[in-house]
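Please see the structure below; I have some questions.
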2 protein chains.
Amino acid sequence: MKLNVDIIAENLLAIHPLLYKSISKPIKNKSSITPGSMFVMGILKRNGMLSMSEIGNCLSMPKPHVTVIVDRLIEEAYVVRQNDPSDRRVVNILLTEKGLVEFEELKEALSINLKSKLNLLSEEEQEELSKASQKMKEILISILSKEKNKEF
Amino acid sequence: MKLNVDIIAENLLAIHPLLYKSISKPIKNKSSITPGSMFVMGILKRNGMLSMSEIGNCLSMPKPHVTVIVDRLIEEAYVVRQNDPSDRRVVNILLTEKGLVEFEELKEALSINLKSKLNLLSEEEQEELSKASQKMKEILISILSKEKNKEF
DNA sequence: TATAATGGTTACAAAAGTATAACTATTACA
DNA sequence: TGTAATAGTTATACTTTTGTAACCATTATA
């Protein structure tokens, strides 16, 4: 009998390119936001505030790249830097109101793009997809994204 | 009440970077295969044989990029080109035995990487993740990946 | 206090992916 | 038959991402 871990690995491997296609592509058409910037905005929205290092760890992104992305997001006023009073080396990043709005618009663009495809599904199937994606998100976040920790 | 499509959009947006991290990174450490090459091998494994255009459509990948990736895969003998007798313009791509073995090894590397993280979950949660990812894969493939068709 | 470690930035090189145009060969069709 | 459309390749320029090393400021520690 096949182990759960192997089934999961196989499924993730199949899902990954589908998400890549259904998320990155529609968003590229809608906005000048790059995938990396979108990821950063997403975790900031979920976590409220993260240091540069935490962002890099969350996304397995090299620190110099985080700097570049955050610089661009600051230019657009989507995020702000904030010095950490308890450790003056640390720079915390926060999503601004404008950044939040932009992120919601990206999500909306994705929704619209998805809608036409979800029409191919029955009500029950849509409900199943909603539940399955919710469950997957919760579990993956719980095991993969020790977002406040450093050791991954 | 929140619409299913919005819930799904939000969940996909959260899952995407987690997969990116848990798949692309472990594989980069294990092999010189790039994400793009891995995607191509994956759909070839699921579909058996695809033309260059079909590969590009499946993955929303520009055709010139497909050519580059397939060229590299052929160098490594992971795939072969095969002329289509019914339309001599068409070049079909097939995964070789060596390519299949390589892909299975990538999946194995991912399994090993996942195993340590799944240990944090109970048996029931692992079962839930297995079921949820299976469901998500099936539904997303059915609506996003009309792999043999051209109109996306 | 001297030294090591950490957080972050800068600079640079290289790989991966995207986009477009030009081109060949083949097929479809008016 | 002649023209348009399609499949694929090649070439090129560009953006995004990755990786590494050097560097500064700050904090931790021996």
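Chain identifiers are assigned alphabetically (A, B, ...) following the order of the sequence lines, protein sequences preceding nucleic acid strands; residue numbering begins at 1 within each chain.
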Discussion item. Name the residue from Glu104(A), Lys98(A), Glu105(A) that meets the side-chain contact (heavy atoms from CB on, under 4.5 Å) definition with Glu102(A).
Written reply: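 By the side-chain contact (heavy atoms from CB on, under 4.5 Å) criterion, Glu102(A) pairs with just one of Glu104(A), Lys98(A), Glu105(A): Glu105(A).
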Item to complete: To the nearest Å, give me how far apart NZ (Lys63(B)) and P (dA7(D)) are.
Response: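 Interatomic distance, NZ of Lys63(B) to P of dA7(D): 6 Å.
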Practice prompt. Give the rounded distance in Å between these two atoms: CZ of Arg88(B) and P of dT26(C).
Written response: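 In whole Å, dT26(C) P and Arg88(B) CZ are 5 Å from each other.
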Worksheet entry | Gap between atoms CG and C1', on Asn83(A) and dT9(C) respectively (whole Å) |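 Result: 13 Å.
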Discussion item. Just N and O in the side chain of Ser51(B): are any of them under 4.0 Å from OP1 or OP2 of dA7(D)?
Written reply: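 For dA7(D), OP1/OP2 do not have a side-chain N/O of Ser51(B) under 4.0 Å.
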Item to complete: Can you tell me the distance, in whole Å, between the CG atom of Asp87(A) and the P atom of dA28(D)?
Response: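 Going from CG in Asp87(A) over to P in dA28(D) covers 6 Å.
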Item to complete: Please state how far atom CG in Asp84(B) lies from atom P in dA25(C), giving the value in whole angstrom units.
Response: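 It is 19 Å, rounded to the nearest whole Å.
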Item to complete: Using atom CE of Met52(A) as one end and atom P of dC24(D) as the other, report the distance to the nearest whole Å.
Response: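 From Met52(A) CE to dC24(D) P: 19 Å.
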Worksheet item: Are the side chains of His16(B) and Ser24(A) in touch, meaning some heavy atoms are under 4.5 Å apart?
Response: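 They are in side-chain contact.
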Discussion item. Would you compute the distance between atom CG of Leu94(B) and atom CE of Met49(B) and round it to the nearest 0.5 angstrom?
Written reply: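 Atom-to-atom, Leu94(B):CG and Met49(B):CE are 6.0 Å apart.
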Worksheet entry | Which atom of Met38(A) lies closest to which atom of Ile33(A), heavy atoms considered |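 Closest approach of Met38(A) to Ile33(A): N-CG2, 3.7 Å.
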Worksheet entry | Phosphate OP1/OP2 of dT6(C) contacted by Arg89(A) side-chain N/O (<4.0 Å) |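 Answer no for this pair, as no side-chain N or O of Arg89(A) is under 4.0 Å from OP1 or OP2.
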Worksheet item: Looking only at heavy atoms, which two atoms of Cys58(A) and Ile43(A) are closest? And how far apart?
Response: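 Answer, listing the atom of Cys58(A) first, then Ile43(A): CB-CD1, 3.8 Å.
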Item to complete: Please figure out whether Pro85(A) or Ser32(A) has its closest DNA chain D nucleotide nearer the 5' end.
Response: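 Taking each residue's closest nucleotide, the earlier one in sequence belongs to Ser32(A).
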Fill in: dT9(C) phosphate, OP1 or OP2, under 4.0 Å from Thr67(A) side-chain N/O
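For dT9(C), OP1 or OP2 has a side-chain N or O of Thr67(A) closer than 4.0 Å.
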Practice prompt. Return yes if some donor-acceptor pair links the side-chain N/O of Ser60(B) with the main-chain N/O of Lys21(A) below 3.5 Å, else return no.
Written response: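 Side chain of Ser60(B) to backbone of Lys21(A): no pair is present.
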Discussion item. Check this one for me: any side-chain N or O of Arg81(B) less than 4.0 Å away from OP1 or OP2 of dT9(D)?
Written reply: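 For dT9(D), OP1/OP2 do have a side-chain N/O of Arg81(B) under 4.0 Å.
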Are any protein N/O atoms closer than 3.5 Å to N/O atoms in nucleotides 17-19 of chain D? If there are, list each pair with its distance.
residue, atom, partner, partner atom, Å
dT17(D), OP1, Gly36(A), N, 2.7
dT17(D), OP2, Thr34(A), OG1, 3.4
dT18(D), OP1, Tyr20(B), OH, 3.1

Worksheet item: In whole angstroms, how far is the P atom of dT10(D) from the CG atom of Asp71(B)?
Response: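 Checked: the CG to P distance equals 6 Å.
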Item to complete: Might you work through the side-chain hydrogen bond (donor to acceptor under 3.5 Å, both in side chains) test for Asp6(B) and Ser111(A), ending with a clear yes or no?
Response: CA-CA 6 Å; Asp6(B) 293 326; Ser111(A) 281; 2.9 Å; yes
